[in-house]
Asker: 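I have a structure here, written as C-alpha cells, and I will follow up with some questions on it.
Keep in mind that this is a model prediction, so the values were computed, not measured.
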There are 4 protein chains.
Amino acid sequence: MVDEDTSGAGRRSVGAQRSQESAEAILEAAQQVLSESGYAGFSIEAVARRARAGKPTIYRWWPSKTALLLDVYQRQKRDVVYPDTGSVEEDLFLFMVSLFRQWRETPTGNIFRSILAEAQSDPETTAALSAYSEARRQNTGQIIVRALSRGEVKAGTDPKIVADLASSYAWSHLLTDRLNENEDTIRQAVRILVHGIRA
Amino acid sequence: MVDEDTSGAGRRSVGAQRSQESAEAILEAAQQVLSESGYAGFSIEAVARRARAGKPTIYRWWPSKTALLLDVYQRQKRDVVYPDTGSVEEDLFLFMVSLFRQWRETPTGNIFRSILAEAQSDPETTAALSAYSEARRQNTGQIIVRALSRGEVKAGTDPKIVADLASSYAWSHLLTDRLNENEDTIRQAVRILVHGIRA
Amino acid sequence: MVDEDTSGAGRRSVGAQRSQESAEAILEAAQQVLSESGYAGFSIEAVARRARAGKPTIYRWWPSKTALLLDVYQRQKRDVVYPDTGSVEEDLFLFMVSLFRQWRETPTGNIFRSILAEAQSDPETTAALSAYSEARRQNTGQIIVRALSRGEVKAGTDPKIVADLASSYAWSHLLTDRLNENEDTIRQAVRILVHGIRA
Amino acid sequence: MVDEDTSGAGRRSVGAQRSQESAEAILEAAQQVLSESGYAGFSIEAVARRARAGKPTIYRWWPSKTALLLDVYQRQKRDVVYPDTGSVEEDLFLFMVSLFRQWRETPTGNIFRSILAEAQSDPETTAALSAYSEARRQNTGQIIVRALSRGEVKAGTDPKIVADLASSYAWSHLLTDRLNENEDTIRQAVRILVHGIRA
DNA sequence: ACCTAAGCGAGACGGTACGTCTCGTCTTGCG
DNA sequence: CGCAAGACGAGACGTACCGTCTCGCTTAGGT
C-alpha cells in the first residue's frame with residue numbers, strides 16, 4: 001500500500017465525515033491485538049488503545065466485538081490455493097498442507113480460532129460462520145467436482161460431504177493446537193478419504 | 001503407648017473435610033447456568049449465586065472457570081456407546097448418530113461448545129481439551145481395532161487417524177449448529193471413511 | 001498554522017470531565033451511610049450502592065475510604081464560631097459549648113469519630129488528621145492571640161498549647177461519649193486554663 | 001462442690017477443660033500482631049495463625065475482636081507511676097512524661113490506639129473505654145487530691161476535671177502521632193494547668 | 001481402667017467487601 | 001458534526017476475613 005502513515009504521530013481529526021484512516025487504524029489494531037494476545041486479549045478497550053481511537057468510534061461502525069472480528073477476518077484472509085494437479089489425492093493433500101501452514105504462520109489461524117470461539121456464544125457469529133464455512137466447503141468441493149468430471153471418483157459422490165470431512169479435520173487440528181501435524185499423517189488421512197471415494 | 005512421635009511438627013488434626021453437598025450444588029448450578037444462559041452468562045459469580053455458595057468455596061476446589069467447566073462436562077456426559085455389531089460401518093454410524101443425539105438432546109452439547117470456546121483463549125483449557133480429545137479418539141479407535149482383528153479393515157490402517165476424521169466431523173457439526181444433520185448424509189460420510197480403509 | 005506543537009504526544013482532546021452530579025451523589029450517600037450505619041457499615045460498596053454509582057467512579061476520585069471520609073467531613077462541617085466577646089474565658093467557653101453542640105446534634109460528631117478511628121489504622125489518615133488538627137489549633141489559638149494583644153493574658157503564653165489543651169478536652173469527650181457534659185463542668189475546665197495563663 | 005445438678009439430663013462428665021496454654025498463646029499472639037502490624041492487621045485469622053490456634057477456640061473464649069483487644073490491654077498494662085514529689089507540677093509533669101514514654105516505647109500505645117479506634121464503632125468497647133478512662137482519671141486525680149490536702153491547690157478544685165484535662169492532652173497526642181512531643185512543651189502545658197488551680 | 005463430654009487445631013462453609021478490570025454508553029471540547 | 005479522550009453505571013474478577021460449622025484427636029473428670 002502506498003504512502004502509509006509510518007510515523008504513528010497521529011491522525012488529525014477532520015470533522016464530520018467518517019474517517020477512513022480511523023477505520024483502517026482500528027482494523028489494523030484489532031488484527032495486531034489478535035495476533036499478539038489472541039482471543040483472550042481481544043477487547044474493544046485494547047483495540048481502541050492500540051488504534052488511538054475512541055471506543056465510541058469503534059461502536060459507531062461495528063455494533064459488536066463480533067462484527068469487528070468478522071471484518072478483521074475478511075480483511076486478513078488471503079486467497080487459499082485450490083490446486084489442480086490432475087490427482088484428487090494430491091490436490092486435497094496440497095490444500096490441507098497449505099491451509100495448515102497458513103493458519104500456523106499467519107494471524108489467520110488465531111483470528112479464525114477467535115471466530116469459532118465467539119460463535120459459541122454469539123448467534124450472529126454462528127450464522128456468519130455457518131455461511132462462511134458452507135462457502136468454503138463449496139470451494140473445497142471443487143477439487144472433488146473436477147475429479148468427478150475426470151472420472152477419477154465414483155459417480156454419485158457428494159462433493160460437499162468430502163469437503164466437510166476434509167475441512168472438519170483441519171478445524172479440529174486448529175482447535176486443539178495440532179497445526180504442526182506430521183505430513184505423513186495428513187497424507188494418510190487424505191488417502192483414506194480418496195480411497196473411500198475412488199471410482 | 002509406644003513412643004512413635006517421630007517428629008515434633010507432627011500434625012494431630014486434619015481439619016474439616018470437603019462438603020460433598022456443596023460440590024454437588026456447585027456443579028449442578030454451573031450446569032443450570034450453562035444450560036439457561038449459555039457460555040456468555042457463565043460466571044463464577046452467577047454459579048455461586050445459584051448454588052447459594054460462596055465464591056471462595058468455588059475457588060478452593062476449582063482453580064479456574066475452565067476447571068469447573070470440564071468437571072461439569074465430565075459429570076454430565078453419559079457413557080457413549082461404542083457399538084460392536086460386527087460391521088465397522090454400522091459401528092461407526094451408530095456411534096456418530098448417538099453422539100449427535102446426545103449433544104442435541106442434553107446440555108452436553110452446549111457445555112462442550114463452551115469448552116471449545118474457552119480453549120481458544122485459555123491455554124490450560126487447550127491442554128485439557130487436547131488430552132481429553134486424544135483419549136476420546138483412543139476410545140473411538142477401538143471400533144477400528146476390532147475391525148482390524150476381524151480382518152475387515154486393511155492392515156496398517158491407523159485407528160487414530162480414522163477416529164480423528166470421524167470425531168472432527170462431529171465437532172464441526174457441533175460448532176456450526178448442524179447437529180440435526182440428515183442421517184443419510186451421516187451414513188454417506190461414514191461410508192467414505194469405511195470404504196477408504198476396507199481390506 | 002503556527003507551530004506550537006510542543007511535544008509529540010500533545011493531547012488534542014480532553015475527554016469527558018468529572019461529573020459534579022456523581023461527586024455530589026457519592027458524598028451525599030457517604031454521609032447518609034455514616035449517619036445511619038456508623039463507621040462500621042461505611043464501605044465503598046455501600047456508598048456506591050446508595051449513590052447508584054460504580055465503584056470505579058469512587059476510586060477514580062477518592063483514592064481511599066479515608067479520602068472520602070475527610071471530604072464528607074469537610075462538606076458537612078459548618079463554620080464554627082470563634083467568638084470575640086472581649087473576655088478570653090467567655091470566648092473559650094462559648095467555643096467549647098458550640099463545638100460540643102455541633103458534634104452532638106449534627107452528623108459531624110460521628111463522622112469525626114470515624115476519622116479518628118480510621119487514623120488509628122491508616123497512616124495516610126493519621127497524616128491528614130494531624131494536618132487538620134494543627135490547622136484547627138491555629139484557629140482556636142486566635143482567641144488567645146487576641147487576649148494577648150489585649151494584655152489579658154500573660155506575655156509569653158503559647159497560644160498553640162492552650163488550644164491543644166482545649167481541643168484535646170473536646171476530643172476526649174467526643175471519643176468517650178461525653179458530649180452532653182454539664183456546662184458548669186465545661187466552664188470550670190475552661191476557667192482552669194484561663195486562670196493558668198492570665199496576666 | 002455442692003450438688004447443683006438440677007436437670008434430669010444427668011451429665012456427669014465435665015469434659016476437658018480450658019487450656020491455659022492456648023489462652024496464653026492467643027493473648028501473646030494478639031499482642032504481637034498488634035505491636036507489629038497495628039490495628040490494621042489485627043484480625044482473628046492473623047491471631048489464630050500466629051498462635052497456632054483454631055478460630056473457634058478464640059471465639060469460644062472471646063466473643064468478639066473487641067473482647068480480645070480489651071484482654072490484651074489488661075494484660076499488657078503495667079502499673080503507671082503516680083509520683084509523689086511534694087510538688088503538684090512535678091508530679092503531673094513526671095506522670096505525663098512517663099505516660100508518653102510508655103506509649104511510645106511499649107506496645108501499650110498501639111494497643112490503646114486500637115481500643116480507641118474500636119470504641120468508635122463498637123458500643124461495648126465504648127462502655128469499657130469509658131469505665132476504664134473514668135478509673136484512670138480517678139487515679140490521676142489523686143495527685144490533685146494530695147495537693148489539695150497540702151493546701152498547694154485552691155480549695156474547691158475538682159480533681160477529676162484537672163485529670164480530664166491532663167489525660168485528654170495525652171490522648172490527643174497519642175491519636176495524632178505526637179508522642180515525641182518536646183518536654184518543654186509538655187512542661188508548659190502542665191504549668192498552665194497547675195497555675196490555673198494553685199491556691 | 002473405662003467412658004464420655006468438652007476442648008483442641010485445622011480448616012471448609014456461606015458471606016461481604018475489597019480494589020481492579022472491561023463492558024457499552026454518554027459527554028466534552030477540538031478541529 | 002465526527003472525532004479522541006475519557007467519565008460513567010454496571011458488574012465480574014480473584015482475595016482476605018468474617019463468624020459458624022464440622023471433623024478427628026486429645027484430655028481429664030466421674031464411675
Asker: OP1 or OP2 of E/dG15 less than 4.0 angstrom from a side-chain nitrogen or oxygen of B/Arg52, does that happen here?
Answerer: yes
Asker: Between B/Gln17 and C/Glu45, which residue's closest nucleotide on DNA chain F lies nearer the 5′ terminus?
Answerer: C/Glu45
Asker: Between C/Tyr132 and C/Gln74, is the side chain to side chain contact (heavy atoms under 4.5 Å, CB included) condition met? List the steps.
Answerer: CA-CA 10 Å; C/Tyr132 174 75; C/Gln74 294 295 337; 3.9 Å; yes
Asker: Could you measure the distance from the CG atom of A/Asn110 to the OG atom of B/Ser121? Nearest 0.5 Å is fine.
Answerer: 11.0 Å
Asker: Does the pair D/Arg50/D/Glu28 count as a salt bridge with the N-to-O cut at 4.0 Å?
Answerer: no
Asker: How many Å lie between CZ on D/Arg49 and C1' on E/dG11, as a whole number?
Answerer: 12 Å
Asker: Has A/Ser43 got a side-chain N or O lying under 4.0 Å from the OP1 or OP2 atom of E/dC23?
Answerer: yes
Asker: Under 4.0 Å from any atom of DNA chain F, heavy atoms only: list the residues of residues 57-68 of chain C that qualify, in numerical order.
Answerer: C/Thr57, C/Arg60, C/Trp61
Asker: Rounding to an integer number of Å, can you tell me how far A/Ile44 CD1 sits from F/dC8 P?
Answerer: 22 Å
Asker: Would you tell me if any nitrogen or oxygen in the side chain of D/Ser22 comes within less than 4.0 Å of OP1 or OP2 on E/dG9?
Answerer: yes
Asker: Tell me: NZ of B/Lys55 to P of F/dT15, nearest whole Å?
Answerer: 10 Å
Asker: Are any side-chain N or O atoms of D/Lys65 and backbone N or O atoms of D/Glu118, one a donor and one an acceptor, separated by less than 3.5 Å?
Answerer: no
Asker: Is any side-chain heavy atom of B/Trp61 less than 4.5 Å from a side-chain heavy atom of B/Asp71?
Answerer: no
Asker: Counting only heavy atoms not in B/Arg52, do more than 12 sit closer than 6.0 Å to its CZ atom?
Answerer: no
Asker: Pick the nucleotide of DNA chain E nearest each of C/Gly41 and A/Ala46; which residue has the one closer to the 5' end?
Answerer: C/Gly41
Asker: On DNA chain F, nearest-nucleotide positions of A/Ile26 versus C/Ala23: which is more 5'?
Answerer: A/Ile26
Asker: What is the distance from CZ of B/Phe42 to P of F/dC13, rounded to the nearest Å?
Answerer: 9 Å
Asker: Provide, to the nearest angstrom, the distance between the CG atom belonging to C/Asp122 and the P atom belonging to E/dG19.
Answerer: 10 Å
Asker: Of all the heavy-atom pairs spanning A/Ala48 and A/Lys55, show the shortest one and how long it is.
Answerer: CB-CG, 3.9 Å
